[in-house]
Each structure stands twice: as structure tokens, then as C-alpha cells.
Amino acid sequence: MKKNLLIASLLCGATVLSTSCNDGDVNLEYEGYSTVCYIEQYGLQEVEYFNIGNDVVFTTIIGKGGTDPDMASKVTLSVMTDEELNRYNVTNNKELVTLPAEWYSFTSEYELTAGESKKEVQIVFKSGLAESGLDFDAIDYVLPLKITNSSGSLDDEKNQLILRPVITTPKITPETPGLQNTISIYEGFGEDYTKDMNVRMGLNVLNDNWAFKVEIETDRKVMQEYVDRFNASDESEGKQYILMPEGSYTMTSTLDYPTWITWRDVEVEIKATNLYAGTDYILPVIPKSCTGMNFKIDSESVAYIPVTVSNQIDLAGRLTSNAEEYGGDAKMDRLIDGVKNNIGDQYLWQSMYAYPSEQKPNIKFDPNYGVYVDIDIAGITAQTMNLNVFASAGNNYPKEMKVYMGADENSLSEVAGTTNAYPSFQGNGENKWSTGEIILSPESDYKIIRLALLKNKNGNDMRGDLGWWLPDGYTSWYCNNIGMIELELFGYK
């Protein structure tokens, strides 16, 4: 079924018209007929009716052809009778019902003079149709039209047009309403620490040349009402959230949507100001109003941002490694994705295990630290720290590791280590090695933690030759490697 997208513009009253079924040229192939009239778009057509307070206009063409197309024709456009629509329903196994007359209008009479091969026809669906009380879900309402020619013949197929309005109500809504990813702020950060997050806000339909603005709710009384409502819902999972304190956040209050732009970001900045550990905070992002277009506000669709203050330090953007140079699976985001017990390739972090080369590679890692991961801890204050290292894959987990700290990579000193990290390793299980409590002296100026992965479970030393070998029939050399799946760092005041 052909679908015509028809949108009435608020700004200029224009209508985006559907493409026609043919090019509208005079058809001279009606043998035996001097003048034959037709409607260019015919059969059952869908009209997308955007419920924005405007009339929606469907445009088509009445044309004529035949062996004598210059003969004048008088064509009448009218609504099919109940009997005619019933015949159509029986033939096509439909249950169409004629739309009440107060919800449409069109011009009935068209005269195609000797010099005219076609006339434009505009069929108007009235504004307010969506709020008419008609049950479009239960009843298949259509506008069934036909043409008659008082001075000639009709095309056997192209003489009926049945328009089915498909009502869509554009609404302003978050792209992903409900509970968002938790923002966790380390307790040791100062009050100047901030963390950013974006919430996409926009239309539930594609923007079709509409320009408008959306206001975001900033009234804390209203925001508190939404928090209370959320706490009473199953979505809160039994937690009793507290509205973020005033001064602990900022967010965009107005979003400007130029034509064709469907989504914009509400930019949210969370501050450490007045936040305390052990409290479940939440910030609702609520669409308040829309100007420029008569769009509905879906005030029930709200994005809730949970915020916690904890001893765990967010490592996003703080990790680097000498294994990154060789690519492969040494992707830092894999170490902070929350997955601790899966051997899927998309979760494991590991140093390279193969390298394409005609000759044996001479690649080596650091002679002192082997394969290492550096954690940037600049700006983090703590009296003690604890680093957890998780492994999951049974073929290359670390056995010997050392942890160093320093102001820079040239002043590192060992603070923890092990020569038998996972004595009871379980494949695909949650295997954790912990440094235990690392006490930081008040005068220390530590800015780097270096986790040095020295030997894997087979005893292969990552500080020397990697044991390169070339399997028969292969073009890539293979080597010993080492891997893990997750890192966690905690700080305590």
C-alpha cells in the first residue's frame, strides 16, 4: 500500500504533498474512448495526520486522456455511498467506515476545458480530528471518494480514492525515560568536583521542518512531587530517593530545535557540593512546556538520574597501558564495564597474542614492569586505598603482579604485590585479587598507581622474550600474553 506523508506547516500554512502515482501526462492509450477521466492517486491510501492543531491537506490530480483529450469534461468528486463502500469491503475483505462529514471538506465540481489535461484536487481533514471522540483504534474510519464524468468515460481502475487518516500525536519526551545510569561520585573529591551527563529530549516522531522550543522543569516543588511519585512506584525498587540538594546540580532549562532537528541534549552537571555518602540522591529531568508548535508534553515520561556518593573511584578516563600500542583487546573501557565473570571476547582485557609479520617479531614489553596499567589518581584525596583486580579467562590470568605508586612514572615505589594471585582460580568465575589496605602518608604526593602484570598463570614472564612462534600455515606470529577482566579502586578518608 502506498503511503503519503502529509504535514501541515504552522508557520506558512503550506502542505508537504505526496508524490503522485504517475507523472500526470495526458494518457492517449484508451482505445475506443474519445475522453477518459481518472484520479491520479487511487485505491486505499494512508494519510499521516499529525495532531498539532492544523488542518491536514491531501493533494492529488484529476486528469483526462483518450483519443480526443481536447474535449471538455465535467468531473464530479463525491463520497461513495454506503452501498458502494460495502461492495468494496466485501471484495477486499475490509471493514471500512465512512468518516463523519464534519471532519473533511473538498471541492466537488471540476471542469477540464479543451486546453486542460488535469486539475489539482485538495482534500482537507479538519483540525481536532484526534480529539473528536471517534475511536480510531476500534473502527477503521476512511473518506471513500469517487469521480463521475458527465461528458465522457472513466478509467476502469482509477476512479475511486479511499483515504485512511493515520493519527499521530507528536509528544515531547526523553529518548529513554525512567531510571538512568547511576552517577557515582567518590567521597574524597572536593566540592569543586563535577561530573557531566546528557539526557536526550525531543519528539516521538521525526521533525518535519518544525521549529520550536522546549522548557525543562526547574521548580523544585514540582521536582519534589515527581520524586515522591517515583519513590512510591515499583521502579524505585524499594529505595527512597532524595531530591538532589539545591546547588549540587545545574541543567539546561531551554532547548532550541531548528527545523529538522528531532533531539537535543539536556546538559546536566552534577556537583559534589552538599552530597554525603550513604544517601540515594535523584534528579528528575522533566519536559515542562513547548512553544512554537502545538506539541503535547508527555509529563509522565521523565528521566530520573540517580546519584550516589561512595568510596569507589570512577576510573573512566583515568586508565592507560603500554599494551594499548599494539591494539587488539587492550581496550581500557573493558576494565571498567562492571563485568567480572565472563570470558566473552568483548569483555576480556588482554595484551596482544598475535602479530602479522614475515619475520619473527622482536616486540617486548617493559623490562621492569612487564605489561602494565597506569591509573591516574591526581586530584583524589584519601588516607587509604584498595585496588581489586579481577580475572576470568583460564588461559592467561595473572599469577605474579606488583602495584606501585608515585608522583610520576620516574618516582614509583612498590606498595603491594603477589606471586600467586588466584590460587583457587575458577574459569568464568569471579576471581578477585586485592591489594588490601594501602596506607597513604599525609606528605605523599601520589598521582599514579601502576599495576604491573609480570607473569601469567603458566609462568611466562612479560618482562622478557614473549616466546614468539609461528604455527604451520599461519601468517601471524603468536606469543605469550596476559589478561584480566575488571579493575576496582576504593579510597577512604
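Only this structure's heavy atoms are used, side chains among them; waters, hydrogens and symmetry mates stay out. Nothing here was measured: the structure is a model prediction, and the numbers come from that model. All residue numbers in this chain count up from 1 along the given sequence.
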Return the minimal non-hydrogen interatomic distance between [X] and [Y], and the atom names on each side.
X	Y	answer
Val339	Asp337	N-OD1, 3.0 Å
Met244	Arg220	O-NH1, 2.9 Å
Pro165	Val142	CD-CA, 4.4 Å
Trp433	Ala421	CD1-O, 3.9 Å
Leu453	Pro398	CD2-CG, 4.1 Å
Lys126	Glu102	CG-O, 3.7 Å

To the nearest 0.5 Å, what is the distance between [atom1] on [X] and [atom2] on [Y]?
X	Y	atom1	atom2	result
Lys271	Ile185	NZ	CD1	11.5 Å
Tyr404	Leu412	OH	CG	8.5 Å
Lys331	Ile336	NZ	CD1	14.0 Å
Met462	Asn481	CE	CG	6.5 Å
Met385	Ile380	CE	CD1	5.0 Å

Are [X] and [Y] side-chain neighbours, meaning at least one heavy-atom pair lies under 4.5 Å?
X	Y	result
Phe136	Tyr49	no
Phe125	Leu163	yes
Val97	Glu95	no
Met223	Ile286	yes
Asp374	Ile449	no

So, [X] side chain and [Y] main chain: donor-acceptor pair closer than 3.5 Å or not?
X	Y	answer
Asp329	Gln350	no
Ser321	Ala323	yes
Ser444	Leu440	no
Tyr422	Ser392	no
Asn322	Glu325	no
Asn209	Thr259	no
Thr262	Asn207	yes
Thr252	Glu267	yes
Ser132	Leu134	yes
Asp55	Ser127	yes

Check the angle between the aromatic planes of [X] and [Y] and answer parallel, tilted or perpendicular using the 30° and 60° thresholds.
X	Y	value
Tyr257	Phe212	parallel
Phe106	Tyr104	parallel
Phe425	Tyr397	parallel

With sequence neighbours excluded, residues passing side chain to side chain contact (heavy atoms under 4.5 Å, CB included) with Asn458: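 With sequence neighbours excluded, Asn458 shows a side chain to side chain contact (heavy atoms under 4.5 Å, CB included) to Asn456, Asn460, given in chain and number order.
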Please name all residues satisfying side chain to side chain contact (heavy atoms under 4.5 Å, CB included) with Lys340, sequence neighbours left out, ordered by chain then number.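 Once residues adjacent in sequence are excluded, the partners of Lys340 under the side chain to side chain contact (heavy atoms under 4.5 Å, CB included) criterion are Phe390, Glu430, Glu486, Glu488.
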Is it the case that more than 12 heavy atoms not belonging to [X] sit under 6.0 Å from its [atom1] atom?
X	atom1	value
Tyr353	OH	no
Gln346	CD	yes
Asn181	CG	no

Taking 4.0 angstrom as the limit, do [X] and [Y] come out as a salt bridge?
X	Y	answer
Glu300	Arg229	yes
Arg450	Glu409	yes
Arg463	Asp461	yes

Is it the case that the side chains of Asn341 and Gln426 hold a donor-acceptor pair, with the cut-off being a distance below 3.5 Å and no angle test?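 Not at all, the side chains of Gln426 and Asn341 share no donor-acceptor pair under 3.5 Å.
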Any luck finding a side-chain donor-acceptor pair between Thr59 and Glu120 under 3.5 Å?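 Side-chain D/A pair, Thr59 to Glu120: absent.
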Proximity of Trp103 and Tyr141 rings by center, below 6.0 Å: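 No, the ring of Trp103 stays outside the 6.0 Å limit from the ring of Tyr141, centre to centre.
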Residue list, salt bridge (Lys or Arg N to Asp or Glu O under 4.0 Å) with Asp298, at least two apart or on another chain: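 Testing Asp298 for salt bridge (Lys or Arg N to Asp or Glu O under 4.0 Å), a comparison that skips the adjacent residues, returns none.
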Apply ring pair (Phe, Tyr, Trp, His ring centres under 6.0 Å) to residues Tyr193 and Tyr186 and explain how you reach the verdict. CA-CA 9 Å; Tyr193 176 80; Tyr186 169 58; 8.9 Å; no
Starting from the C-alpha separation in whole Å, work towards a yes-or-no answer on side chain to side chain contact (heavy atoms under 4.5 Å, CB included) for Ile172 and Leu203. CA-CA 5 Å; Ile172 304 298; Leu203 281 170; 3.7 Å; yes
